[in-house]
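The next block holds one structure in the form of C-alpha cells; read it before the comments.
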2 protein chains.
Amino acid sequence: MKKMAHDLIPDVLNDRCPSRAVLNHVTSRWGVLILIALQDGTLRFSALRRRIGGVSERMLAQSLRLLEDDGFVRRTAHPVVPPHVDYDLTPLGYEVAAKVHALASLIEGNLGQIIAQRKT
Amino acid sequence: MKKMAHDLIPDVLNDRCPSRAVLNHVTSRWGVLILIALQDGTLRFSALRRRIGGVSERMLAQSLRLLEDDGFVRRTAHPVVPPHVDYDLTPLGYEVAAKVHALASLIEGNLGQIIAQRKT
DNA sequence: ACGGAAGTACACACATTTTTGTAAGTATGA
DNA sequence: TCATACTTACAAAAATGTGTGTACTTCCGT
C-alpha cells in the first residue's frame with residue numbers, strides 16, 4: 001500500500017515548505033533591488049553596487065550568492081586582473097524580476113496616497 | 001529661475017526614497033504571508049495566526065499594524081468581550097496582494113527545479 | 001453551584017537570534 | 001594611489017521569540 005503524498009504541493013503558508021526560504025531570498029531587502037536592477041541588463045559587481053543606493057559590498061555579495069544558488073542570477077567571472085565579473089538574470093530570474101518589479105512599481109505609483117493617509 | 005524637482009518620482013533604487021520602507025513592509029517575512037492569507041477574505045487575529053504557519057502573536061500584531069498604517073489592511077474591532085477583531089484588505093491592499101501572490105505562486109510552481117539545480 | 005481551563009486580541013519586558021554594517025586585507029595593472 | 005571583486009573578523013543594530021498579564025465569557029467536571 002502506498003503512502004499518501006504530504007508535501008508535494010508547495011505552499012508558502014506552510015511553515016515547513018522550502019518555498020518559504022526561496023521567497024525570502026527574492027523578497028529580501030537587497031534581493032528585490034538586485035532583481036530590479038538586473039532587469040535592464042548585465043551589470044558588474046561595482047556597477048550594481050552604485051546602482052543600488054545604500055548597499056554594502058558585503059550584503060551585495062551575500063544576496064547575489066543566494067540568488068545565484070536559487071538559479072535567478074548568473075555569475076560570469078572573467079579570469080583577468082583586476083577581476084571582472086558580470087551578473088545577469090536567468091530566464092527564470094527574468095520572470096521573478098518582472099513580478100517583483102510590478103510590485104515595486106505599484107507601490108511607487110501609489111506612494112503619494114500611502115503616505116498622505118498615514119496617521120503615524 | 002525655478003529649482004528642478006529632485007524627489008518627485010519615487011524610485012526604490014534610490015536610498016532616500018520612502019517607497020523603500022513601504023516595499024519592505026509588504027515584502028517582509030510575515031507581511032507577504034498576511035497579504036496572501038487575507039486574499040481569501042476577512043479573518044480574525046487568531047484565525048490568521050493559525051493560517052500562517054510559524055508566526056508568533058507579537059510578529060503578527062506588529063506586521064499587521066505596519067500594513068494597516070500603509071493602508072493595505074483594514075482593522076475592524078468589535079467592542080465585545082472576549083475581543084473580536086476582523087482584518088481584511090483595502091482595495092489597494094488587494095492590488096498589492098495580487099502581485100505578491102503572483103510572485104509566491106511563480107516560486108511555488110518552480111520550486112522543484114530551483115531546489116534540484118542547487119549545488120549547496 | 002463552583003473552581004478551573006480555555007479562548008480572545010493584544011501589550012510589555014526581556015533574552016536570544018539574525019541581519020547588517022565597518023574596516024581591513026588581497027593581487028595586480030593603469 | 002585607485003579601481004576591481006570579493007572575504008573575513010568584529011561590532012552594532014534590528015528582528016524575532018518567550019513568557020506574562022488582561023478582562024472577561026463559555027464550557028467542563030464534580
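A note on names: the letters A, B, ... follow the listed sequences, proteins ahead of strands, and every chain is numbered from 1. Note that these values count all heavy atoms, side chains included, but never hydrogens, waters or copies made by symmetry.
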Quick check: closest heavy atoms across [X] and [Y], and the distance to 0.1 Å?
X        : Y        : answer
B/His84  : B/Val80  : CB-CG2, 3.8 Å
B/Ser63  : B/Trp30  : OG-CB, 3.7 Å
B/Ile114 : B/Gln117 : O-NE2, 2.9 Å
B/Asp40  : B/Arg51  : OD2-NH2, 3.1 Å
A/Pro10  : A/Cys17  : CA-SG, 3.6 Å
B/Leu89  : B/Leu35  : CD2-CD2, 3.8 Å

Worksheet item: Do A/Asp15 and A/Arg20 touch side chain to side chain, with heavy atoms closer than 4.5 Å?
Response: yes
Response to the item:
Angle separating the five-pair end axes of the helix from C/dA1-D/dT30 to C/dA30-D/dT1, nearest 10°, is 20°
Ignoring hydrogens and angles, write down the donor-acceptor pairs under 3.5 Å from the side chains of residues 91-111 of chain B, residues two or more places apart or on other chains.
from     : atom 1 : to       : atom 2 : distance (Å)
B/His101 : ND1    : B/Gln39  : OE1    : 2.9
B/Ser105 : OG     : B/His101 : O      : 3.0
B/Glu108 : OE2    : A/Val12  : N      : 2.9

Discussion item. What is the first contacted nucleotide of DNA chain D and what is the last, in 5' to 3' order, if contact means an atom lying under 4.0 angstrom from a heavy atom of chain A?
Written reply: D/dT4 to D/dA9
Worksheet item: Once each nucleotide of nucleotides 4-12 of chain C is scored for protein heavy atoms under 4.0 Å, what B/S/- sequence comes out, 5' to 3'?
Response: ---BBSBS-
Discussion item. I'd like to know if the side chain of B/Asp70 and the backbone of B/Phe72 have a donor-acceptor N/O pair within less than 3.5 Å.
Written reply: no
Worksheet item: Between A/Arg118 and B/Asp69, is the closest basic N to carboxylate O distance under 4.0 Å?
Response: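 Salt bridge absent between B/Asp69 and A/Arg118.
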Worksheet item: Between B/Asp88 and B/Arg74, is the closest basic N to carboxylate O distance under 4.0 Å?
Response: yes
Discussion item. I'd like to check the side chain to side chain contact (heavy atoms under 4.5 Å, CB included) partners of A/Leu64; sequence neighbours left out, ordered by chain and number.
Written reply: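 Result, side chain to side chain contact (heavy atoms under 4.5 Å, CB included) vs A/Leu64: A/Ile34, A/Phe45, A/Leu48, A/Leu60, A/Val73, A/Tyr87.
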Worksheet item: Which of residues 21-35 of chain B have a heavy atom under 4.0 Å from DNA chain D?
Response: B/Arg29, B/Trp30
